Structures are given as structure tokens and as C-alpha cells.
S.K.: 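Okay, here's the structure, questions in a sec.
Quick note: numbers below take in every heavy atom, side chains included, and nothing from hydrogens, waters or symmetry partners. Numbers restart at 1 for each chain; the letters A, B, ... are given by sequence-line order, proteins then strands. Just so you know, these numbers come straight off a predicted model, no measurement behind them.
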Amino acid sequence: MRDALGDVQSVLVLGGRSEIALATVQLMSAQRVQRVVLAVRDVASAAADAEALRSNGCAVDVVAFDATASAEVHAEFVRTVCEHTDIDLVILAFGIVGDQTVADDDVVHTLDILKTNFTGAVSVLVPVAERLARQGHGTIAVISSVAAMRPRRANFVYSASKAGLDAYASGLCDAYAGTGVHVMTVRPGFVHTRMTEGMKPAPFATNVGVVAEAIVDGIRRKRNIVYAPNILRFVMPILQNVPRVVWRKLGA
Amino acid sequence: MTQPLRRTATMSGWGGTAASTATAVEPDSVEQIPAILKESATHRGVIARGLARSYGDAAQNAGGAVVTTDALDRILQFDAQSATIRVQPGVSLERLLQFLVPRGFFPTVIPGTASVTVGGAIASDIHGKFRHGSFCDYVETATLVTPSRGAIEISATQNPDAFWATAGGMGLTGIVTEATLRLHPIATALMRVDTTRCADVDACMEAMVDDSLGERYSVAWIDCTASGKSLGRSVLERGEHAPLDEIPANRQPDPLRYGHGMSVPGPPWAPSGLLNPLSVKAFNELWFRKTPRHPHRGYVSIPGFFHPLDLVRGWNRIYGKHGFVQYQFVVPYGQERVVRSILEQLAQHRCASFLAVLKRFETQNDGMLSFPMPGWTLALDIPVARSGLNTILDSFDEMVMQAGGRVYLAKDARVDPQRLRVMYPKLERWESIRGELDANRTMRSDLARRLGL
Ligand SMILES: Cc1cc2nc3c(=O)[nH]c(=O)nc-3n(C[C@H](O)[C@H](O)[C@H](O)COP(=O)(O)OP(=O)(O)OC[C@H]3O[C@@H](n4cnc5c(N)ncnc54)[C@H](O)[C@@H]3O)c2cc1C
Ligand SMILES: NC(=O)c1ccc[n+]([C@@H]2O[C@H](COP(=O)([O-])OP(=O)(O)OC[C@H]3O[C@@H](n4cnc5c(N)ncnc54)[C@H](OP(=O)(O)O)[C@@H]3O)[C@@H](O)[C@H]2O)c1
């Protein structure tokens with residue numbers, strides 16, 4: 001159960017090798033977390049991450065999960081994971097940036113990005129939210145991105161996928177009001193992780209530690225939207241209103 | 001038999017933290033209870049809920065059923081001869097006081113609020129300013145509806161194991177559907193109160209131990225914001241039911257009239273920042289200063305002495321939307337330094353505490369999860385809108401545990417389950433008795449899930 005101070009006891013991470021998610025769970029595991037389920041594409045690849053969490057004293061399960069699987073598979077997956085115990089917190093962390101230059105010429109790649117980040121996310125969020133509502137409590141932290149707020153030429157397919165996810169999460173939050181389920185949308189800026197390796201850092205670039213703290217604090221305070229770093233809460237509305245000509249010149 | 005009303009509701013405790021959603025079941029007769037337990041066995045269990053004055057998650061059950069006892073509020077039998085009263089579980093202590101005081105009787109143990117039910121009082125084995133026993137010491141007998149053994153009579157002599165597992169058992173052994181309480185005779189409805197200002201916590205404890213006055217009740221209000229030399233400066237109140245010949249002439253004709261005093265509404269909504277260290281300091285300063293410097297004696301109403309906070313309706317809302325926790329622990333005599341050290345650290349961390357109450361116990365009963373033990377108990381409220389609080393409170397828990405003390409489950413909303421096992425050495429025994437009364441764990445609450453009970 002989540003306690004009065006917002007600390008949780010069990011966590012399911014969808015995209016269990018995500019550096020952002022692992023930093024978050026690592027931070028929480030020093031507190032009350034007793035059980036962690038890492039849902040990953042390749043079970044063997046998460047062995048070291050699982051071991052690191054175990055050394056903090058939590059029980060860790062690594063289970064196979066592919067975001068692009070069918071809705072039936074997702075439903076079955078959620079049933080199995082939640083069969084015997086409650087899940088207090090679900091972090092939806094998987095995602096791919098893809099390669100915009102490839103997507104420009106290849107609709108298949110474009111759809112792959114959407115299938116992972118948007119439709120894949122939605123098809124697992126549906127059974128997850130239903131399950132948490134049945135247990136009468138729980139938090140879902142959906143990792144969106146500031147890219148959802150203003151698409152950039154350089155990665156607009158990714159932006160579109162996150163915009164869809166972001167809108168869905170926000171609606172889900174309203175739809176489940178009064179069920180004990182809370183949905184929190186997380187909008188990081190540029191974060192130094194495997195995903196952004198080799199890319200030119202954007203302004204306000206940050207590291208996983210900052211994002212992890214923002215997520216933990218957001219869960220504690222039952223925030224609806226969390227930015228990391230927090231300054232983006234004020235910067236993004238400005239960027240959203242930059243005229244298109246200027247935006248193009250900025251090379252954004 | 002009619003069907004109880006059911007509705008979906010989101011519930012939390014008095015602290016307003018960690019809400020969860022469940023099906024509230026509202027029986028209008030105790031006969032419906034066995035069927036409710038049976039239906040709940042297959043799903044996510046069931047727990048009783050009285051007036052929800054426990055601070056944390058004891059009376060809620062996410063995704064399962066929560067039986068409210070509001071409508072089970074009949075006084076069944078009063079016997080002045082044997083000084084006992086038989087009641088249904090939803091009868092509140094306020095209702096009991098209204099009924100009993102004019103008849104010259106008093107429920108032996110009452111807590112800091114009259115808005116608790118008899119069922120909740122048994123499940124938490126509540127204590128008050130009375131230091132010679134807790135609520136269940138004065139429960140002559142009770143009826144407990146259990147999932148595995150059906151309805152059983154429990155008392156200190158009949159099914160004693162079930163009785164002492166239920167006393168303080170946080171509703172996890174079954175639902176109490178009836179109880180007979182032993183009463184204390186009184187001559188007037190007034191309290192004689194001796195008030196003393198104490199310069200610091202040591203002086204306060206010294207004064208509390210000195211019971212030359214031989215009074216029945218004692219409590220000290222501690223100003224948690226004072227530090228350094230005035231650490232733990234406090235106002236000590238010692239009370240006794242006033243004898244007939246002491247009360248003012250104008251009260252003589254009707255000495256047992258139960259006084260209500262007035263009640264002012266608390267704020268319907270308050271911003272989280274309202275209760276900051278500064279405003280708390282100002283409040284405590286006022287409270288301390290309004291008490292005369294020299295010991296003095298006065299006569300006040302029963303609510304005025306026992307339930308001053310009940311006069312402010314909904315005061316818990318001043319902590320804002322994130323709510324608050326009440327931290328209450330007890331440590332054995334000889335461990336006074338733990339009280340001092342916790343007060344010191346609170347002042348250091350500037351954990352705003354609106355209320356800190358120091359009491360002491362002289363006895364302990366056989367309740368396996370009962371809180372009271374001979375020693376000092378300190379209770380304080382802390383708003384939760386800050387991070388790092390669990391780390392601070394965990395360090396307090398560690399000190400309390402090492403000192404052989406414990407935290408109070410009726411107030412708890414965050415203790416580490418592993419420490420709880422050390423704090424309550426009879427927990428294993430409780431689990432085995434619970435296994436007999438409820439083999440499939442039909443009785444379940446968020447507190448039980450959180451603490452692995
Ligand atoms: C302002 C204030 C001051 C307080 N002061 C004190 C004090 O001085 N001393 C003290 O000991 N406590 C004190 N308390 C705590 C309070 O006395 C206990 O939490 C008490 O249990 C609340 O009773 P309730 O009817 O509100 O029960 P709830 O909070 O609704 O439930 C508490 C527990 O009782 C169980 N329960 C309720 N009814 C039944 C039933 N019929 N059968 C079985 N189990 C049942 C519930 O399942 C739950 O586990 C105070 C609380 C407040 C808000
Ligand atoms: N880094 C940033 O700058 C940034 C900024 C804003 C938002 N975000 C978002 O934050 C989240 C976490 O990213 P991160 O930075 O921690 O990157 P990361 O370490 O690369 O994590 C992303 C994870 O998603 C997993 N994944 C990808 N496709 C999947 C699929 N089909 N099924 C299951 N898992 C899949 C990957 O699994 P494998 O290990 O198997 O590859 C990888 O572990 C992502 O949603 C990302 O979009 C990141």
C-alpha cells in the first residue's frame with residue numbers, strides 16, 4: 001500500500017530497463033518498496049539491474065513484455081503480474097525516439113514509433129487502469145515528454161506519439177477520478193540516457209537523478225503533471241507560443 | 001431480512017492521507033453482519049468502520065467492502081445496580097456521555113475526542129487521560145462475529161484469547177456487534193482541574209510523576225516549537241470528577257447536567273501553507289501564555305477538560321489537502337531521554353506540530369496489539385507536505401523500538417512493517433489466534449495490507 005507520506009511498497013515498471021525508471025525505483029527502494037517487477041523485452045538483459053535493486057532489500061521479478069504486442073497479450077500480462085499482490089505504482093517508461101530522417105522516407109518506421117509510444121502504451125494502460133481500479137488504489141506514472149507540447153522538425157513523429165500519449169494520460173486521469181486510481185503525466189526535457197546518446201543536448205538538459213526526484217516528489221504530492229527539470233513548467237508555455245517562422249529559424 | 005445499502009466511496013482516516021476506494025456497506029441491523037462477512041470472503045475482504053477517527057488507514061479497505069456501523073447505534077440496557085451498560089457497536093462516546101452523565105455514571109476510559117464509537121474504542125483498545133487502564137479493561141463482555149467461528153461471546157474469562165486478540169486488534173479478528181461496559185460512578189458533571197505551567201520537559205515529567213494530588217486524570221500540552229532552555233515547556237492539567245460539595249452554588253440544583261459548551265466550525269477548506277512553523281509558533285505561544293504562571297484550580301465541563309478540540313469542528317482540515325500524520329509512541333519509564341530527544345529533533349527539523357500531548361500509563365493489559373504499557377506516551381501532529389519526513393520518523397521509530405516502546409496503530413499511517421514486529425512482541429501470538437478466528441483472512445484493511453498483518 002501507499003502510505004500517508006506517499007511511499008509505495010510495490011512497483012511495476014513497463015520498460016524496466018529505462019534508465020529514468022531505474023533511477024526512480026532505485027530512489028524509492030531505499031524507502032518502503034518491497035517488490036519490483038521489471039517488464040522488459042529481453043529478460044536476460046535486465047539481470048544486472050535486478051541484482052542492483054535486490055541489494056537494496058527488495059524482491060525483484062523480471063518478466064517478458066513487448067509494448068507492440070496485441071491487446072489480448074497485454075491484458076493477460078497484467079492479469080498475471082497482478083494475480084497475487086497489489087501493485088501500488090505502475091511506471092510506464094518504455095519508448096523509442098526513432099530516427100526522423102528514416103521516418104521521413106519510410107512510413108513503416110513512422111508507424112513503428114507510434115505503435116510503441118502511443119498505441120502500445122494505450123493498449124497496456126487500459127488493462128492496467130482497470131486492474132488498479134478493481135484493487136481500489138494505485139498510481140500510474142506515464143512518462144511523456146515536453147516534445148508532446150511543441151513538435152520539432154527533427155523528431156516530430158516522436159513528438160506526435162508523445163502528444164497522443166500525453167492527451168490519453170490526461171483523459172485517463174479524469175476518467176478514473178473517484179476510483180482510487182491516480183494518473184500522473186511526467187514531462188521530462190532532454191535527459192542524458194541511452195536514448196539520447198550522441199545527440200546534441202537541448203537547453204535545460206538534465207540527468208536521470210533530477211527526473212527521478214521529480215517523479216518521486218510528484219507521486220508523494222499526487223501531482224497531475226510533473227516537469228523535469230521543473231523550470232520547463234514555465235519555459236514550455238512560452239515555446240508553445242513562439243511564432244512558427246521564428247520556430248523554424250531556431251532550427252527547432 | 002432487508003439488504004444493506006451499498007455504494008462506492010473513497011475513504012481516508014482523520015489525517016486525510018492515502019485515500020482508497022471501496023464498497024461501503026451500511027447495515028441497518030446487526031443480523032446482517034454474518035451474511036456480509038460471508039459475501040466478502042471471496043473478494044478483497046471486509047473491515048468495520050466507526051466514526052473514522054483513527055488517523056491512518058485502519059478503517060478502509062481498498063477494492064473490498066467497508067461496513068459502516070452508523071446505524072447500529074442502540075443503547076440496549078443500562079443497569080445502575082451493577083454499573084454496566086450494554087450497547088451496539090456504533091454508539092458513540094458522545095452519545096454515552098449524554099446518556100450516562102445525567103444518571104451519575106461515566107465511561108471509565110474516554111479519549112481526546114468523544115466522536116469515536118464503542119466498536120472503534122475496542123478495536124484500538126483506546127486510552128485517555130486516565131492512566132490506570134485502557135478501554136478494554138472495562139469491557140465486561142462483547143459479541144464478536146468472526147469469519148471462521150461465527151458469533152462468539154468474548155471477555156477476559158470467556159474465549160480470553162479471542163478477547164485479547166480483539167482488544168487493539170484493529171478490527172482484524174471480526175466485527176464487534178455488541179458490548180457491555182463497566183462504568184464509573186460520578187457525583188457531578190464538572191471536572192476539578194489543577195493547572196500548572198512547567199518550564200521544560202523534565203520539570204513536566206517530574207510534576208506528572210508526583211501524584212500527591214492523587215487525581216484520576218492527567219495530561220500535559222507541550223509546546224513543540226520551543227527549543228533550547230525551554231525545550232518541552234508545557235501546561236500540565238490534572239483532573240478529577242468534582243465532588244458535590246465543591247461545585248459552585250449555581251450548579252448545585254442540577255449537578256449532573258451534561259454541559260456541551262459551544263462549537264465553532266473549522267475552515268471548510270484551507271491552503272496547505274496555512275499551517276507553517278510560524279503560525280504554529282504563534283498558536284503555541286498564545287496557549288502557553290494564557291495559562292497563569294502559578295498553579296491554579298478551576299472547574300470546567302467534561303467536554304472542556306476531555307475534548308477541547310471537539311469544540312472546533314473539522315479542525316483536521318486546517319492542514320490542507322495533503323493531510324497530516326499523528327505520531328504517537330510510548331516508551332517505558334526510565335527511557336525519558338527518548339521523549340526529550342524526539343522533542344529536540346522536532347524543534348531542530350522544524351516539523352510544525354500544532355498539538356503535542358504527553359500522558360503516562362501505569363498499567364498494561366493482555367491485549368496482544370494493545371498500545372498502552374507503563375511509561376510515557378507522546379502524541380504530535382505533523383503536516384505531510386514535505387519530503388524526507390519518513391526518514392525522520394523512521395529514526396524516531398528506531399529510538400522508540402530500541403527503548404522497548406512502540407507506536408500506536410490507531411494513529412499510524414507509515415511505520416516500517418519490520419519494526420512493528422519488534423515493537424509488538426505478541427504479534428506472532430496474535431497472528432495465530434487470528435488464524436483461528438479468520439482462517440482465510442476475510443477481515444482486511446489497508447493498514448493490514450501495508451503492515452503485512
Ligand atoms: C482528536 C482525536 C483525539 C484522539 N484522542 C485519542 C486518545 O486520547 N486516546 C486514544 O486511544 N485514541 C485517541 N484517538 C484515536 C481514536 O480514539 C481511535 O482511533 C478510535 O479507534 C476511533 O474510533 P472510531 O469509531 O472512529 O473508529 P474508526 O477510526 O472508524 O476505526 C478504528 C478501528 O476500529 C475498527 N472498528 C470500528 N468499529 C468496529 C467494530 N464494530 N468491530 C470491530 N472493529 C471495529 C476499525 O476496523 C478500525 O480498525 C483520537 C482521535 C482523534 C481524532
Ligand atoms: N531521455 C530523454 O531525453 C527523454 C526525454 C523525454 C522523455 N523521455 C521518455 O522517457 C522514457 C524512458 O526513456 P529513457 O531516457 O530512460 O531511455 P531508455 O533507457 O532508452 O529507456 C527506454 C526503454 O524502453 C524500452 N522499449 C523500447 N521499445 C520497447 C518495446 N516495444 N517494448 C518494451 N520496451 C521497449 C527499451 O527497452 P530495451 O532495453 O529492450 O531497448 C528501453 O529500456 C521514454 O518513454 C522516453 O521517451 C526521455
Side-chain angles (χ1 to χ4, degrees), chain A residues 1-10 24 27-35 56-59 82-89 128-139 175-183 209-210 212-224 226 230, chain B residues 8-23 43-45 55-57 60-66 272 319-327 382-394 411-418 444-453:
Chain A
M1 291 300 301
R2 175 195 165 99
D3 74 11
L5 304 183
D7 281 316
V8 297
Q9 294 179 312
S10 57
T24 308
L27 196 63
M28 291 191 301
S29 65
Q31 299 285 337
R32 295 285 189 274
V33 175
Q34 296 169 345
R35 177 168 181 248
N56 280 356
C58 4
C82 301
E83 181 127 49
H84 299 295
T85 56
D86 285 13
I87 295 285
D88 303 338
L89 170 67
V128 160
E130 274 170 6
R131 166 68 212 192
L132 296 196
R134 224 168 317 129
Q135 70 181 25
H137 72 102
T139 304
Y176 277 85
T179 63
V181 180
H182 180 61
V183 182
V210 170
E213 296 227 6
I215 294 175
V216 172
D217 187 66
I219 294 167
R220 201 185 298 289
R221 291 169 199 268
K222 282 210 160 181
R223 288 241 197 264
N224 295 322
V226 164
N230 190 45
Chain B
T8 300
T10 298
M11 294 171 245
S12 64
W14 186 247
T17 54
S20 71
T21 304
T23 304
H43 194 42
R44 286 175 63 87
Y55 282 67
D57 47 9
Q60 62 199 52
N61 178 24
V66 174
S272 283
Y319 290 98
K321 70 168 178 171
H322 296 299
F324 66 108
V325 289
Q326 181 164 94
Y327 187 67
I382 305 172
V384 302
R386 58 176 292 161
S387 52
L389 192 54
N390 246 351
T391 312
I392 297 172
L393 295 181
D394 279 348
K411 309 288 177 76
D412 177 60
R414 43 137 311 270
V415 72
D416 187 326
Q418 282 166 5
R444 247 179 285 167
S445 64
D446 287 359
L447 176 135
R449 284 193 187 88
R450 177 171 58 81
L451 297 175
L453 296 180

S.K.: Please round to the nearest 0.5 Å and tell me the distance separating atom CG of B:D416 and atom CD of A:Q31.
M.R.: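 Rounded to the nearest 0.5 Å, the CG-CD separation comes to 10.0 Å.
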S.K.: What residues, two or more places apart in sequence or in another chain, satisfy side-chain hydrogen bond (donor to acceptor under 3.5 Å, both in side chains) together with B:S20?
M.R.: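 Partners of B:S20 by the side-chain hydrogen bond (donor to acceptor under 3.5 Å, both in side chains) criterion, ordered by chain and then number, come out as B:D446.
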S.K.: To check you understand the geometry: which heavy-atom pair defines the closest contact between A:A4 and B:V325, and what is its length?
M.R.: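 So the minimum-distance heavy-atom pair works out to CB-CG1, 3.6 Å.
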S.K.: Give the minimum heavy-atom separation between B:T21 and A:G180, together with the two atoms involved.
M.R.: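 Closest approach of B:T21 to A:G180: OG1-N, 2.9 Å.
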S.K.: Please report the interatomic distance NE2(A:H137) to CZ(B:R449), rounded to the nearest 0.5 Å.
M.R.: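 Between A:H137 NE2 and B:R449 CZ, I get 6.0 Å after rounding to 0.5 Å.
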S.K.: Please evaluate residues B:R414 and A:R32 with respect to the criterion side-chain contact (heavy atoms from CB on, under 4.5 Å), reporting the C-alpha separation (whole Å), side-chain torsions for both, the decisive distance (0.1 Å), and the verdict.
M.R.: CA-CA 9 Å; B:R414 43 137 311 270; A:R32 295 285 189 274; 3.4 Å; yes
S.K.: Given that the side chain runs from C-beta out, which part of A:Q9 has a heavy atom under 4.5 Å from chain B: side chain, backbone, both or neither?
M.R.: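 Contact with chain B involves the side chain of A:Q9 alone.
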S.K.: First locate atom OG1 of B:T17, then atom CG of A:L5, and finally report the distance between them rounded to the nearest 0.5 Å.
M.R.: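 If we round to the nearest 0.5 Å, B:T17:OG1 and A:L5:CG are 7.5 Å apart.
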S.K.: How far does CZ of A:R220 sit from CG of B:N390, to the nearest 0.5 angstrom?
M.R.: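 That separation rounds to 7.0 Å.
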S.K.: Using a cut-off of under 4.5 Å on heavy-atom pairs, state which of B:D57, B:T23, B:V415, B:L393 scores highest against chain A.
M.R.: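 The residue among B:D57, B:T23, B:V415, B:L393 with the greatest pair count is B:V415.
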S.K.: Which atoms of B:D394 are under 4.5 Å from chain A, going by heavy atoms: the side chain, the backbone, both sets, or neither?
M.R.: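 Contact with chain A is through the side chain of B:D394 alone.
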S.K.: Only counting residues at least two apart or in another chain, list the ones meeting side-chain hydrogen bond (donor to acceptor under 3.5 Å, both in side chains) with B:R44.
M.R.: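 side-chain hydrogen bond (donor to acceptor under 3.5 Å, both in side chains) check on B:R44 returns A:D86.
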